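Okay, structure first, notes after.
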There are 2 protein chains.
Amino acid sequence: MSTEVEQQAEHAHTTAWIASVLRARIAAGQLTPGSKLSEQSLSASLGVSRNTLRQAFTTLAGESIVTRIPNRGVFVAAPGVEEVREIYRVRRTIEPAAVLWGRPSTEELDAMEDIIRRARAARDAGSVPDMANANQAFHEAVVALTGSGSLRELMDRVLAEMRLVFHAMASAPDFHTYYVDRNAQLVKRLRAGENELAAAELREYLDAAEAELLAHLEGDAR
Amino acid sequence: MSTEVEQQAEHAHTTAWIASVLRARIAAGQLTPGSKLSEQSLSASLGVSRNTLRQAFTTLAGESIVTRIPNRGVFVAAPGVEEVREIYRVRRTIEPAAVLWGRPSTEELDAMEDIIRRARAARDAGSVPDMANANQAFHEAVVALTGSGSLRELMDRVLAEMRLVFHAMASAPDFHTYYVDRNAQLVKRLRAGENELAAAELREYLDAAEAELLAHLEGDAR
DNA sequence: GACGCAGGATTGTTCAACAATGTTTGGTGA
DNA sequence: TCACCAAACATTGTTGAACAATCCTGCGTC
């Protein structure tokens with residue numbers, strides 16, 4: 001299990017490179033929420049200076065993937081109930097807005113249906129990670145309807161935090177299977193030009209998802 | 001013109017401190033868009049190491065207050081036409097959404113009217129900066145209706161970028177006077193519970209503002 | 001005037017050191 | 001035994017200097 005880095009990016013953006021490595025490891029669940037990221041050991045194992053690692057940390061802290069406690073160190077973010085509520089506050093605002101006021105092109109709609117197909121395939125194959133990825137891609141596509149890169153970035157951050165929530169949970173709930181069909185329904189509404197209906201249904205959908213997640217989370221904490 | 005720092009924060013978050021200093025200077029227009037932030041001179045004048053200044057830079061770059069060009073340095077962000085469009089893509093999504101689906105308490109509505117009073121006072125006094133501040137506070141209050149800190153942060157960033165746009169313009173247009181009354185109208189609608197109407201009017205409002213800003217910007221570039 | 005090429009300046013990264021804070025350990029007294 | 005306190009230890013925050021890589025400048029050549 002070598003955690004070494006073979007390819008040292010010659011002389012460019014080492015700090016960004018390190019940040020992306022850590023991001024990937026955290027997203028993959030290799031670095032579990034709440035665990036400490038020691039400057040000493042990480043700088044050693046990644047083969048970079050403590051100083052540049054530090055810079056990568058500030059980047060990740062800015063993305064709230066990582067929590068920095070002064071003189072204590074940085075820790076992989078461990079989102080709890082309040083964070084989940086915040087996540088859904090964001091989603092409940094921008095996703096329905098994107099649906100309501102977006103004018104999706106047929107290409108965008110086709111792409112969304114492609115994603116749904118992928119999700120169905122993953123569901124039938126019983127692959128939870130693939131389903132999670134597809135679901136994530138779908139909601140990213142929804143936000144992309146706004147055409148805004150900033151909103152897309154925000155959604156990315158939020159979805160990354162969602163992944164952390166799942167990683168922090170002892171038992172993963174069957175969270176995605178149920179919503180595949182609702183996504184399909186959403187695209188159908190959009191294709192019919194029924195944006196208001198689509199937005200309303202999406203809001204219900206998000207409410208239900210939040211409630212389910214919160215229930216599971218509180219049952220977990222007990 | 002002393003740009004020195006008298007109070008050296010003893011041993012706490014020097015990097016955050018430096019970041020906030022730079023943020024303030026940029027917001028105040030003391031550091032104009034496009035100007036270069038030399039590591040050497042800044043670290044000297046701020047009395048911090050080049051290394052910690054660098055960390056502050058990555059923070060500010062994450063907030064896109066500052067643009068980093070590899071091996072060239074960091075520059076105060078100079079938003080142009082495309083950035084303005086992006087700003088309004090964001091605003092046109094989250095502000096009407098906040099208005100449409102937010103359930104403002106009477107305290108929140110009172111606070112918004114307070115802000116409008118301040119804006120009117122500034123208008124009558126002819127103080128453009130105060131008007132800009134009040135306008136900014138108003139739109140922040142709108143987004144605050146979502147209850148989401150992340151959205152509020154995003155709005156902060158966007159409004160900071162707006163300030164940069166104004167700083168980058170040769171001549172400032174009379175941008176705020178006209179919209180004070182529209183803000184007042186918005187609050188009236190909200191108080192009456194006419195959220196849909198309020199959202200629709202706000203979208204028109206934002207469209208008009210964007211168009212005016214873009215026209216002025218393009219006239220400026222010519 | 002265009003091109004190419006040293007030379008200088010600036011950024012990217014690393015290292016070693018120290019100050020400040022946190023954590024742990026061990027002892028003391030009740 | 002337990003609570004409390006203080007000294008060792010470890011870790012983070014910050015600094016300064018050093019070097020490599022890249023960019024910019026000015027000069028000479030054609």
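Given the structure is predicted, the values throughout are model-derived calculations rather than measurements. Reminder, nothing fancy here: chain letters follow the sequence lines and each chain counts from 1. Note that these values count all heavy atoms, side chains included, but never hydrogens, waters or copies made by symmetry.
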* Structure fact -> Here the distance between atom C1' of D:dT11 and atom CZ of A:Phe57, to the nearest Å, is 12 Å

* In whole angstrom, give the distance that lies between atom CD of B:Gln55 and atom P of C:dT11. => 17 Å

* To do: Answer yes or no: is there a donor N or O on one side and an acceptor on the other, between the side chain of A:Arg203 and the main chain of A:Pro96, under 3.5 Å?
  => no

* Asked: Is a salt bridge present between A:Asp130 and A:Arg118, judged by a nitrogen-to-oxygen distance below 4.0 Å?
  -> no

* Asked: Are B:Lys36 and C:dT11 close enough that a side-chain N or O sits under 4.0 Å from OP1 or OP2?
  -> yes

* Rounding to a whole Å, what distance do you find between A:Ile69:CD1 and D:dT11:P? -> 16 Å

* May I have the distance from B:Arg68 (atom CZ) to D:dT22 (atom P), rounded to whole angstrom? => 17 Å

* Qualifying salt bridge (Lys or Arg N to Asp or Glu O under 4.0 Å) pairs with a residue from residues 61-79 of chain A, counting only residues at least two apart or across chains -> A:Arg23-A:Glu63

* Side-chain N or O of B:Arg72 closer than 4.0 Å to phosphate OP1/OP2 of D:dC24 -> yes

* B:Asn71 CG to C:dG8 P: how many Å, rounded? -> 20 Å

* May I have the distance from B:Leu37 (atom CG) to C:dA9 (atom C1'), rounded to whole angstrom? => 17 Å

* To do: For C:dT13, take OP1 and OP2 only and decide whether either is under 4.0 Å from a side-chain N or O of A:Thr15.
  => no

* **Mutual orientation of the aromatic rings belonging to B:Tyr205 and B:Tyr179 [parallel < 30°, tilted 30-60°, perpendicular > 60°]** => parallel

* To do: Can you check whether any acceptor in the base of C:dT13 is under 3.5 Å from a donor in the side chain of B:Arg50, or vice versa?
  => yes

* Structure fact -> Atom CD1 of A:Ile18 and atom P of C:dT14 are separated, to the nearest Å, by 8 Å

* Which residue lies more 5' along DNA chain D, comparing B:Ser49 with A:Gln40 via nearest heavy atoms -> A:Gln40

* To do: Could you check how far CG of A:Asn51 sits from C1' of D:dC19, rounded to whole Å?
  => 15 Å

* Should B:Thr14 be listed as having a side-chain N or O under 4.0 Å from OP1 or OP2 of D:dT14? -> yes

* salt bridge (Lys or Arg N to Asp or Glu O under 4.0 Å) partners for A:Arg85, two or more places apart -> none

